[in-house]
Each structure stands twice: as structure tokens, then as C-alpha cells.
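Beneath this line is the structure, given in C-alpha cells, with notes to follow.
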Amino acid sequence: MGQPNKEYTKRVVIAANRLPIRVEKNEGQLEVAPAAGGVATGLSAFHRYKKSLWVGWPGTEPADTKEKTEIEELLSRDYNCLPVFLNAHELDKYYYGFSNRALWPLFHYFPHYSSYNALDWETYQQVNQKFCRKLLEVLHQDDLVWIHDYQLLLLPEMLRQEMPSATIGFFLHIPFPSMEIFRCLPWRAEILQGMLGADLIGFHTYDYTRHFFSSVLRILGKEQIYGKINLGNRMVKIDTFPMGIDSERYSGAVETPPVKKERALLRQELPVEKIILSVDRLDISKGILERLMAFERFLDKHPEWHERITYVLLCVPSRTEIREYRQLKSEIEELVGKINGRFEIPGWLPVLYMFRSLSFEKLVALYSEADLALVTPIRDGMNLVAKEYLACQSRAGKGVLVLSETAGSAAELGESIIVNPNNIDSITGAIVEGLSIPEEEKKAAIDNMFERIRKYNVYRWAEDFMANLEQAQELRDTSRKFFLKGESRAKLQAEYQQASNRLLLLDYDGTLVSLQKRPGQVRPDREVLQILSLLNADPKNKVVLISGRDRNYLSGWLSETGVDMVAEHGTWIYKSAQGKWSLLERGLSDDWKASVYPMLETFTDRTPGSLIEEKSYALAWHYRQAVPELGELRAKELVDMLRSILTGTDLQVLLGNKVVEIKPAVISKGKASHCWLEKVDSRDFILAVGDDWTDEDMFEVLPQNAWKIKVGFSSYTGARWFLESPGDVTGLLKSLAAR
Ligand code: ADQ
């Protein structure tokens with residue numbers, strides 16, 4: 001048994017579709033057997049060691065309440081498991097239906113096999129809710145919840161809604177496909193939102209992580225910054241954790257008496273020089289037919305290997321209720337029959353096909369005896385078989401691994417023979433190459449790969465994930481302290497009430513109203529206007545709207561409230577008492593616009609969805625509606641170009657939130673704020689609210705005692721407090737206006 005590396009103090013609660021064991025009824029007796037598949041076999045080592053609680057489906061439906069209680073007691077007492085029972089309808093729609101007919105094929109790049117059915121989707125949501133309710137029965141505040149895989153994609157957000165402070169990790173065991181594939185899913189936004197309920201989301205490879213980011217960006221419009229997605233009220237960390245195996249359990253078993261015995265039996269059954277092996281769940285994604293074709297081609301082209309080699313094709317039964325799987329099984333059996341029919345002679349079986357689950361000892365005997373492993377899935381999240389084979393070969397020392405470039409494990413196992421699983425000739429070629437590699441070379445390759453497998457074993461993997469989850473939770477807890485709620489909010493309200501002189505500096509877009517694709521579309525709703533008017537009507541208040549917008553917009557929509565205003569980031573100021581706009585700086589020029597405007601036009605032509613906004617002394621290039629990646633790329637190009645051209649002038653180029661802005665350098669919201677700050681002192685109440693980089697200039701010039709609030713969480717701000725959304729800002733202002 002491999003040695004785990006760390007003691008955890010917190011309880012881990014695992015939620016996965018299946019429990020690591022399957023309950024079966026045999027002549028009225030309850031029996032327990034290990035569940036098949038990578039998630040169950042891989043995670044159960046961690047579960048046993050950690051004594052975590054595992055919540056999942058036990059593989060059976062109890063006949064009555066008595067049997068239900070019996071199963072619950074057995075699982076809790078002997079296995080630390082809590083069953084979620086699923087009836088036949090749920091199993092059919094949620095598991096075979098949405099999980100395995102829609103998600104599995106789509107995520108493995110077989111969109112033509114995916115079928116989308118509204119009832120399946122509905123049941124998928126209901127079963128995720130069922131898991132959520134089951135978790136809520138047992139969860140404590142301090143638990144670390146670890147949700148697994150594609151059957152439970154909605155569970156993180158469902159749990160977050162019910163238990164906002166829960167610490168939730170999610171790991172996807174299958175590939176996350178490219179955005180072009182993922183977006184075929186009718187319920188893609190719901191799925192992403194479901195996953196983002198977690199504090200930490202893990203994938204096997206960086207490619208899956210990258211694909212996830214691009215789907216979140218394109219479908220939800222949320223960007224990642226340094227591997228985190230900012231949801232405004234919290235961050236979700238996304239990272240890569242290549243799953244390992246309990247390597248010592250495999251390598252340590254090779255020379256044990258039961259395995260030696262199995263090896264001897266195997267040798268008696270297969271008296272050939274070389275054994276080729278493959279081990280898979282029988283699944284459409286595993287490339288089993290292609291591999292058989294490659295072996296047939298090998299026998300065709302290399303008669304010298306006849307009678308000297310056997311291919312052991314081991315398939316574990318899986319999802320036999322699905323038509324495509326049953327069909328695949330008969331195709332495999334037909335092809336095995338054809339190959340054996342063509343080449344078999346007395347005393348030699350070219351393909352030994354086994355359709356069953358094997359004991360651990362038998363499996364290790366096969367792994368250690370096989371001269372070449374063909375691990376050629378068309379797509380595979382990780383593929384643990386490749387690692388199990390190498391662990392056994394670390395002792396046997398004679399094997400060669402042929403591995404698909406589209407298996408997640410290919411990212412770590414570069415010393416194997418990497419093939420394109422759709423190219424039959426490439427697999428045939430790899431068999432030939434593998435059989436001719438000199439012993440020392442084989443050994444060196446295995447040793448290198450095993451060293452990595454040994455180091456990053458399943459315990460390290462789980463420990464790494466858990467450590468990151470705890471960090472994510474700490475970050476969330478720390479940031480939560482700075483959200484203006486409860487005590488801090490009450491303190492602000494009390495200070496407001498006590499003050500006889502108050503200054504309120506309020507940004508507009510993204511602060512009082514939500515950001516829109518086209519700036520012209522943003523209109524304050526009635527409530528915002530009313531709140532501003534009410535606040536302004538209080539003689540103790542001076543309310544200033546401090547915006548990057550032009551004068552006309554602000555006058556048109558907001559002058560009726562009677563507030564003071566700042567336009568174009570401080571170029572223009574409007575004091576309601578005087579009733580007119582005036583320039584803050586004398587001598588500003590707009591001559592430069594004639595030469596900069598055509599450059600912006602070129603960028604607009606090359607970036608569909610972008611547009612230019614002309615202000616009296618500034619130009620802004622907005623790209624909120626452009627394809628996000630293209631927009632970012634062009635914006636950086638534009639900023640680079642403008643900065644080099646405008647060096648030495650008194651203009652400033654700013655890259656903001658989906659906008660590049662060129663404005664006089666002397667102008668800023670900070671400078672404009674001084675016009676009102678002059679009239680307050682340290683006893684007065686000052687509140688400033690903003691959401692982006694231009695507001696940082698304002699935060700910077702405010703005195704210590706000011707309430708500086710940013711909308712949306714960020715680590716890089718001069719603000720001291722956060723609010724989640726414009727809705728929260730208006731909520732706060734409304735509460736002040738009512739005092
Ligand atoms: P699977 O698709 O199930 O897992 P894999 O990672 O290869 O694929 O795991 C299969 C497991 O089943 C291995 O532990 C293997 O030993 C065992 N197994 C297979 N055939 C067997 C047999 N006949 N008898 C006994 N045991 C057998 C999913 C993803 C993978 C990902 C894992 C873990 O599809 O890509 O690697 O989860 O994240």
C-alpha cells in the first residue's frame with residue numbers, strides 16, 4: 001500500500017455518482033463488490049486512508065424500507081459510505097440519458113453520438129438536487145466537500161445556494177472539450193454556472209483547463225485572471241491536477257505469491273513469446289475497434305510473428321443498457337472472431353478476448369507479464385491503465401507502452417510510443433517498433449515514467465487538490481470580511497446618520513447601472529433617479545456623479561436629480577448651483593483627435609463589434625461586443641501603437657474594462673474630486689463608490705476616514721470595502737436616503 005503524505009484535520013466528504021463499492025443481491029443476501037471504472041478505483045485508495053465519507057449511488061434499488069435501512073447500515077459501518085438511492089426512471093434519464101447519451105459523447109468529441117432530451121435534462125437536475133439534499137443531511141460547516149465528475153456538474157452551485165459558506169471542490173475526470181464542441185450543448189450556460197458554484201475546479205490536463213476558460217469567457221462573458229474567475233462576490237480557482245494511482249500497491253504486488261501464481265497460470269494458458277495487452281471499460285471512447293484493426297494489419301504484414309504473439313483484449317462490462325454500447329460489444333466480438341478465424345491454428349490463439357472484471361491479482365499478473373500495452377483511446381480524460389501498467393513494469397522491467405496522444409496521461413508519459421489513435425497504420429507501426437526496442441532502452445523509459453508516477457501518486461494528487469481547496473477557502477473567507485455587510489454596513493449607516501456634512505462621490509457605469517454592450521444603451525432606471533434625487537434633497541448631502549461619460553449624456557439623463565456631475569473623467573464639472581458645465585483645466589486641446597481617430601477607425605474595421613466613442617477632449621475605443629480574445633489582442637496592439645506614437649505628448653492611453661481611452665494626462669477623477677474635497681474635513685462623512693481603474697484615482701486622493709467601496713471583488717484596489725453589484729450599491733444608497 002502506498003504511503004500517504006499528509007494528515008488532514010478536516011473531514012472530507014466525497015460526492016460521486018457511484019460509491020466505490022457496488023451492493024448486489026444474491027439469493028436474498030446482500031453482497032458487496034468493488035465498483036468498476038477509474039474514478040472508483042483511483043479514489044478509493046484515498047477514501048480508505050482518509051476515512052472520508054463517500055456519498056453516492058450503491059448500484060442497487062432496495063426492495064423495501066427494511067432493506068434500505070440494512071444497506072445504509074452496512075455501508076456506513078463497514079465502508080464509510082452514504083447511499084443515494086436512484087429509481088429505475090432516474091437511472092434511465094439522469095445516468096444513461098443525460099450523463100451518458102448527451103455529456104459523455106460530447107465531452108469525448110463524439111457530438112454525432114450525443115442526443116439531447118429535455119426530460120433527461122430535467123431528471124439530471126432533479127438527481128443533482130437529490131445529491132444536494134443528501135449532502136445537506138450530513139454536512140458540517142468545517143467539512144471539505146469534494147464533488148466528482150460529469151454526472152454532478154450542477155451540484156456545486158446547488159450546494160452553494162443552500163450553504164453559501166461551504167468549501168466545495170469539483171474535479172472533472174473526463175476531458176473538458178474545446179469551446180466549439182462544448183457550445184453545442186443546449187444547456188451550456190447552466191452547466192458552467194453549476195460548476196462555478198465550487199471554490200476550486202480541477203482538470204487532468206492544462207488543455208482541459210484552457211478549454212474551460214474559453215467556454216466561460218465566450219458563454220458567460222467572464223474572464224480569468226491568474227487562473228481565477230471573478231464572480232464579483234467570490235473567486236473560483238481553476239487548476240490542473242493530473243490524477244495519479246496508488247503506485248506502490250501495484251509495483252509492490254508484482255512479486256507476491258498470489259500474483260506469481262496467477263502469472264504461472266497465465267503462461268500455461270498462453271505459451272507464446274510475447275503478449276500484447278489492453279485493458280478498458282468497454283466504451284465508445286476507448287478506440288477498441290481501431291486497435292483490433294491495427295493488430296490484424298500487424299499479423300497481415302508480419303507473418304514472422306504468427307504463433308509467437310497473442311493480444312489479450314480485456315474489457316470490463318460498462319453501460320450495457322445503452323444501445324451503442326451493446327452494438328460496440330457485438331462489433332468487437334465479430335472482429336475478434338474474424339481475426340481468430342483468419343489466423344488461428346491449433347495451439348495458437350491470436351486474440352484472447354475477455355469480457356469481465358478481473359481480480360487485482362489477475363490484473364497485476366497480466367500487467368507484469370505483458371510485453372507491450374496498447375493504450376489507444378480515441379479520447380480519455382486521463383487513463384489510469386497506462387499508469388498501472390507502468391507501475392507493474394517498474395518491477396518486471398520489460399514492457400513498452402503505446403499511448404494515444406489524446407489520452408490525458410500522454411502529457412506526463414512522453415517516453416512512451418505516442419500514436420494518433422485514428423491512424424491504424426500508426427498503431428501497427430508502434431507495435432512493430434515496440435517489439436524491437438532494446439532492453440536497456442525499454443527499462444530506461446519505464447524508470448523515467450515510473451519515477452513521475454511514484455512521486456505524483458494518488459495521495460499527492462488528492463493532497464495537492466485539498467491544499468489548494470483550503471487556500472481557495474481561506475481567500476474566500478478573507479475577502480468576505482471586506483464585503484460591506486452586517487457590522488461594517490451598520491457602522492457606515494451610523495456614521496452617515498451622525499454626520500452633519502456629507503460628500504457622496506458616485507461613479508456611474510458599472511456602479512449605479514450594470515455595464516451594457518453598447519454604452520448608449522445604459523439608461524438609469526427610475527429607482528436610481530429617485531434615490532439620487534432623495535439623497536440630493538437632504539441639505540447635509542453633497543452628491544457628485546463622477547463619470548467617464550460625455551456631458552450631453554449626463555445632462556440628458558441625470559440633471560433632473562439636481563446632483564453635481566463630472567464628465568469625461570474630470571474634464572468637465574457641473575455644479576448644480578451654477579447650472580452650467582465648465583472645464584476643470586484651461587488650455588486643453590483636441591487637435592490630436594484628427595490624427596488618432598483614423599487609427600481607431602482602422603482597428604474598428606478589423607475588429608467586428610468594436611466602436612468609437614468621441615468625447616470633447618477624449619476618444620474611446622470600446623470592444624465589449626467583439627469576440628473576446630480578438631478584442632483583447634487588438635486592444636493590446638492599439639495601446640502599444642498609441643503609446644509609442646504619443647510618447648512625449650500630454651496625452652494618456654488607458655486600457656480599461658473593454659475600452660481603450662485616450663485623454664489628456666492632466667485629467668483624472670482624483671483631480672476632479674478635489675473640487676469637492678476642499679469643502680469637507682476629517683469630521684465629515686465621505687463615501688466613494690466605483691468599479692474600475694479610473695475610480696482608483698478617486699480612491700487615492702481621499703482621506704483615511706473615507707468609505708471607499710469597489711463594486712466586485714479585486715485584490716488590486718485602493719478601496720477598503722466591496723459590494724457585489726450595482727443592485728447592492730443602490731440598495732445601500734436607498735437605505736441611506738431613508739435615514
Ligand atoms: P475510466 O474511463 O474508467 O475512468 P481508466 O482511467 O482507464 O478509465 O480506469 C479504468 C480502471 O478500471 C482502471 O483502474 C483499471 O484497472 C480498471 N479496469 C479496467 N478493466 C478492468 C477489468 N477487466 N478488470 C478489473 N479492472 C479493470 C475515468 C476517465 C479516465 C480517467 C479516470 C480517472 O474516463 O480518463 O483516467 O476516470 O480520472
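As the structure lists them, so they are numbered: ligands from 1, and atoms in each ligand from 1. Computed over heavy atoms, backbone and side chain alike; hydrogens, waters and symmetry mates excluded.
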Return all side-chain donor-acceptor pairs below 3.5 angstrom for residues 396-405, not counting sequence neighbours, or 'none' if the list is empty.
unit_1: Lys398; atom_1: NZ; unit_2: Glu369; atom_2: O; d: 3.1
unit_1: Ser404; atom_1: OG; unit_2: Pro377; atom_2: O; d: 2.5

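Atom NZ of Lys338 has 12 or fewer heavy atoms from other residues, nucleotides or ligands within 6.0 Å.
Listed by chain and number, residues touching ligand 1 at under 4.0 Å (heavy atoms only) are Gly37, Gly38, Val39, Thr41, Trp104, His173, His204, Met243, Val279, Asp280, Arg281, Lys286, Leu314, Val316, Arg356, Ser357, Leu358, Leu363, Tyr367, Asp380, Gly381, Met382, Asn383, Leu384, Val385, Glu388.
With no hydrogens or angles considered, no side-chain donor-acceptor pair links Gln473 and Lys237 at under 3.5 Å.
Using a 4.0 Å cut-off between charged side-chain N and carboxylate O, Asp283 and Lys286 make no salt bridge.
Ring centroid separation for the pair Trp121 and Tyr116 does not come in under the 6.0 Å cut-off.
Remark: of the listed residues Tyr206, Tyr208, Phe182, Phe182 is the sole one forming a ring pair (Phe, Tyr, Trp, His ring centres under 6.0 Å) with Phe176.
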